[in-house]
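The figures that follow rest on heavy atoms only: side chains count, while hydrogens, waters and symmetry mates do not.
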Amino acid sequence: GLYDFTAAADAFVREHRVIEGLLTVFVRHTSCSLVIQENADPDVQRDLNAFFQRLVPPADHPSMSWLRHTTEGPDDMPAHIKSALTQTSIGIPVMDGRLALGTWQGIYLFEHREAPHRREIVMHLGA
């Protein structure tokens, strides 16, 4: 699923009192990713999840029989592929002390595994 952490990123920027700069957000894992996506209509997140499920089905799906890395479960290698198709790092401008996101944009951790995992996100603010 997609987990919105825009408020945490915004709080990080406010805490450091930077007026102009660049927030770099990085996720320290290879089976999830980061995306900036619409934050108003939950159907957007549902459709995005459905698209990636169709694009890269689980390893036990017949179309994925070519996979070799299957020892960590049917969702693991597909999660690595989904992560490679998206990104693990995002840069967001900071202007006037705020994230320069559009009205309907949010920052999301895009979890590609089925089972819950503890994820670590690193934020760095360059002024």
Practice task
Let me see the working for K82 and Q53 under side-chain contact (heavy atoms from CB on, under 4.5 Å), right down to the final yes or no.
Solution key: CA-CA 9 Å; K82 292 171 187 175; Q53 278 295 104; 2.8 Å; yes

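- Counting non-hydrogen atoms of neighbouring residues, nucleotides and ligands closer than 6.0 angstrom, the NE2 atom of H124 reaches no more than 12 such neighbours.
- Formation of a donor-acceptor pair under 3.5 Å by the E38 side chain with backbone atoms of Q105 is not found in this model.
- Nearest heavy-atom pair across H112 and S31 is CB-O, 3.2 Å.
- The backbone N or O of S63 sits less than 3.5 Å from a side-chain atom of H61, completing a donor-acceptor pair.
- Residues L34 and L125 are members of one and the same hydrophobic cluster, defined by side-chain heavy-atom contacts under 4.5 angstrom among Ile, Leu, Val, Met, Phe, Trp and Tyr.
- F26 and V94 are not part of a single hydrophobic cluster, where members link through side-chain heavy atoms under 4.5 Å apart.
- Using a distance-only test at 3.5 Å, with no hydrogens or angles considered, no donor-acceptor pair links the side chain of T88 to the main chain of S33.
- The structure places CG of D76 at 7.0 Å from OG1 of T71, a figure rounded to the nearest 0.5 Å.
- Using a distance-only test at 3.5 Å, with no hydrogens or angles considered, a donor-acceptor pair links the side chain of T6 to the main chain of I107.
- From I81, atom CD1 reaches atom CZ of F52 across 11.5 Å, with rounding to the nearest 0.5 Å.
- In terms of modelled atom types and a separation under 3.5 Å, the side chain of H69 and the main chain of L67 share no donor-acceptor contact.
- The two residues A100 and M95 make their nearest non-hydrogen contact at CB-SD, 3.6 Å.
- Y108 is not connected to W104 by any chain of hydrophobic side-chain contacts under 4.5 Å among Ile, Leu, Val, Met, Phe, Trp and Tyr, and they are in different clusters.
- What you find for P57 and P78 is that their closest heavy atoms are O-CG, 3.3 Å.
- A donor-acceptor pair under 3.5 Å is formed between the side chain of H80 and the backbone N or O of T30.
- Taken together through direct or relayed side-chain contacts under 4.5 Å among Ile, Leu, Val, Met, Phe, Trp and Tyr, V27 and I92 form part of one hydrophobic cluster.
- Smallest separation of non-hydrogen atoms from P93 and L22: N-CD1, 3.8 Å.
- A salt bridge between R98 and D10 is absent, with no side-chain N of the basic residue lying under 4.0 Å from a carboxylate O of the acidic one.
- Two residues are said to be in side-chain contact when any heavy atoms from C-beta on lie closer than 4.5 Å; R119 and Y3 fail this criterion.
- No chain of hydrophobic side-chain contacts below 4.5 Å, direct or via other Ile, Leu, Val, Met, Phe, Trp or Tyr residues, connects V35 to L23.
- For the residue pair R113 and A79, the shortest heavy atom distance occurs at CD-CB, 3.6 Å.
- Note that the CG atom of D43 and the CG atom of L48 stand 12.0 Å from one another [nearest 0.5 Å].
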Handout entry: side-chain contact (heavy atoms from CB on, under 4.5 Å) assessment of L85 paired with L55
Key = CA-CA 11 Å; L85 293 172; L55 184 66; 3.8 Å; yes

Practice task
Determine, step by step, whether V13 and M123 satisfy the side-chain contact (heavy atoms from CB on, under 4.5 Å) criterion, reporting the C-alpha distance in whole Å, the side-chain angles of both residues, the deciding distance to 0.1 Å, and the verdict.
Solution key: CA-CA 9 Å; V13 169; M123 290 188 266; over 6 Å; no

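- Rounding to the nearest 0.5 Å gives a distance of 10.5 Å between OG1 of T24 and CD1 of I90.
- Scanning both residues, D41 and Q45, for their nearest heavy atoms gives O-OE1, 4.0 Å.
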